[in-house]
Amino acid sequence: MAIIETEAALHEAHRDNHTHRDVNGGWLRPAVFGAMDGLVSNLALMTGVAGGAVSHRTVVITGLAGLAAGAFSMAAGEYTSVASQRELVEAELEVERRELRKHPQDEERELAELYEARGVDRALAGEVARQLSRDPEQALEIHAREELGIDPGDLPSPVVAAVSSFGAFALGALLPVLPYLLGATTLWPALLLAFVGLFGCGAVVARVTARSWWFSGLRQLALGAAAAGVTYALGGLFGTAVG
């Protein structure tokens with residue numbers, strides 16, 4: 001009895017701990033990319049304008065315009081990209097669906113050969129393929145996973161990608177503008193808040209990757225600071241040349 005209870009406990013622990021995060025939901029990449037892009041691009045844009053020795057009002061208007069334009073551009077780009085990818089996958093699924101209708105035996109044999117190539121005995125592979133091919137939709141799902149490497153029931157959503165990208169970009173782009181909206185008249189508070197945001201974004205990304213939080217945070221901070229420094233220098237150069 002003790003052995004049975006121990007095995008049950010181990011099974012329960014395995015079931016609870018052996019879980020994976022959603023890596024194909026269509027929201028993580030656009031959200032992370034949107035926040036990073038919003039913060040870095042708007043910070044660089046504002047520092048570039050500030051480098052031209054313009055008024056703080058001009059810097060604020062530039063930051064707000066960059067926020068709006070970038071958020072809408074990111075959302076439109078993500079929607080088009082994910083929708084196109086999804087349409088391509090659906091077209092390939094339709095090709096596979098037609099093949100299953102027109103040549104069911106050939107498709108069943110193909111599935112059996114695939115399992116056999118992975119080490120399953122020929123007789124067992126043929127029986128598994130036969131049973132799995134009874135349901136056309138189940139057969140389509142299996143062929144899609146084995147041949148195309150996709151799950152037909154877990155395709156990324158263009159709307160989710162667009163909304164995630166829009167919101168994340170707007171949030172990231174707001175950080176360097178926020179000090180000005182709260183009354184700041186110089187660039188330093190905006191830089192400080194943006195640098196904190198850059199480090200924080202990098203650290204958050206580390207929660208869903210294998211990198212340490214400090215490495216990811218410092219890497220993103222260095223990249224953002226470099227972009228801001230270069231654009232500030234270019235802004236000063238262009239401001240002098242135009243002036």
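Using a 4.5 Å heavy-atom cutoff, the side chains of L174 and L181 are in contact. A 4.5 Å side-chain heavy-atom check between V82 and S157 finds every atom pair outside the cut-off.
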Test log, rule side-chain contact (heavy atoms from CB on, under 4.5 Å), inputs V204 and W213: CA-CA 7 Å; V204 168; W213 63 270; over 6 Å; no
Check against side-chain contact (heavy atoms from CB on, under 4.5 Å), E113 and R118: CA-CA 9 Å; E113 291 173 352; R118 293 187 176 180; over 6 Å; no
Full working for side-chain contact (heavy atoms from CB on, under 4.5 Å) between V120 and E116: CA-CA 5 Å; V120 179; E116 187 178 348; 5.6 Å; no
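Residues passing the side-chain contact (heavy atoms from CB on, under 4.5 Å) test with E107 are E96, E99, L100, E110, H143, E147, sequence neighbours excluded. Remark: S212 engages W214, F215 in a side-chain contact (heavy atoms from CB on, under 4.5 Å) (not counting sequence neighbours). For S55, the side chain to side chain donor-acceptor pair (under 3.5 Å) partners are T58, not counting sequence neighbours. Scored by the side-chain contact (heavy atoms from CB on, under 4.5 Å) test, V196 finds no partners at all (sequence neighbours excluded). Scored by the side chain to side chain donor-acceptor pair (under 3.5 Å) test, R145 finds E141, D151 as partners (sequence neighbours excluded). In terms of the side chain to side chain donor-acceptor pair (under 3.5 Å) criterion, residue partners of E94 (sequence neighbours excluded) are, by chain and number, R97. In terms of the side-chain contact (heavy atoms from CB on, under 4.5 Å) criterion, residue partners of V95 (sequence neighbours excluded) are, by chain and number, R98. For R101, the side chain to side chain donor-acceptor pair (under 3.5 Å) test picks out no residue, with sequence neighbours left out.
To the nearest 0.5 Å, the span separating OG1 on T185 from CZ on R57 amounts to 15.0 Å. Here R109 contributes atom CZ and L111 contributes atom CG; the two are 12.0 Å apart, rounded to the nearest 0.5 Å. Residue L175 holds its CG atom at 5.0 Å from CG of L193, rounded to the nearest 0.5 Å.
A continuous path of ILVMFWY side-chain contacts below 4.5 Å connects L67 to L178, so both sit in one hydrophobic cluster. Connection of M74 to L171 is not established within any shared hydrophobic cluster, with ILVMFWY side chains joined at heavy-atom distances below 4.5 Å, either directly or through further cluster members. Under a hydrophobic clustering in which Ile, Leu, Val, Met, Phe, Trp and Tyr are joined whenever their side-chain heavy atoms come within less than 4.5 Å, directly or via other members, V59 and I61 fall into different clusters. By the criterion of side-chain heavy atoms lying less than 4.5 angstrom apart, applied directly or through intervening Ile, Leu, Val, Met, Phe, Trp or Tyr residues, L132 is grouped together with L114 in one hydrophobic cluster. Linking Ile, Leu, Val, Met, Phe, Trp and Tyr whenever their side-chain heavy atoms come within less than 4.5 Å puts L182 and V177 in one cluster.
S81 contributes no side-chain N or O that, together with a main-chain N or O of G77, makes up a donor-acceptor pair within less than 3.5 Å. Of the possible polar contacts, one joining the S133 side chain to the A129 backbone as a donor-acceptor pair under 3.5 Å is found. Between the side chain of S73 and the backbone N or O of A69 there is no donor-acceptor pair closer than 3.5 Å. Counting only distance, with no hydrogens or angles, the side chain of D135 and the backbone of E137 share a donor-acceptor pair below 3.5 Å.
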Identify each donor-acceptor pair in which a side-chain atom of residues 40-50 lies under 3.5 Å from a protein atom, sequence neighbours left out, and give them as a table.
from, atom 1, to, atom 2, distance (Å)
S41, OG, D37, O, 2.5
N42, ND2, G63, O, 3.0
N42, ND2, A173, O, 2.9
T47, OG1, L43, O, 2.9
T47, OG1, A44, O, 3.0
T47, OG1, A228, O, 3.4
T47, OG1, T231, OG1, 2.8

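In R134, the CZ atom is crowded: over 12 heavy atoms of neighbouring residues, nucleotides or ligands sit closer than 6.0 Å. Crowding of R122 atom CZ: a count of heavy atoms from other residues, nucleotides or ligands under 6.0 Å not exceeding 12.
Nearest heavy-atom pair across S164 and V160 is OG-O, 2.7 Å. In terms of heavy atoms, A125 sits closest to A112 at CB-O, 3.5 Å. Nearest heavy-atom pair, P158 versus A83, reported as atom, atom and distance to 0.1 Å: CG-CA, 3.7 Å. Between L198 and L221, the closest heavy-atom pair is CB-CA, 4.0 Å. Across all non-hydrogen atoms, the minimal contact from A190 to P179 is CA-CG, 3.6 Å. Taking both residues in full, the closest heavy atoms of Q85 and P156 are given as OE1-CG, 4.4 Å, listed atom of the first, atom of the second, then distance.
Within the structure, ring pair (Phe, Tyr, Trp, His ring centres under 6.0 Å) contacts touching residues 39-67 (residues at least two apart or in different chains) do not occur. The ring pair (Phe, Tyr, Trp, His ring centres under 6.0 Å) contacts involving residues 61-112 comprise F72-F166, where partners must be two or more places apart or lie in separate chains. Evaluation of the ring pair (Phe, Tyr, Trp, His ring centres under 6.0 Å) test over residues 171-198, restricted to residues two or more places apart or in two chains, returns none.
By the 4.0 Å N-to-carboxylate-O rule, E90 lies close enough to R86 to be salt-bridged with it.
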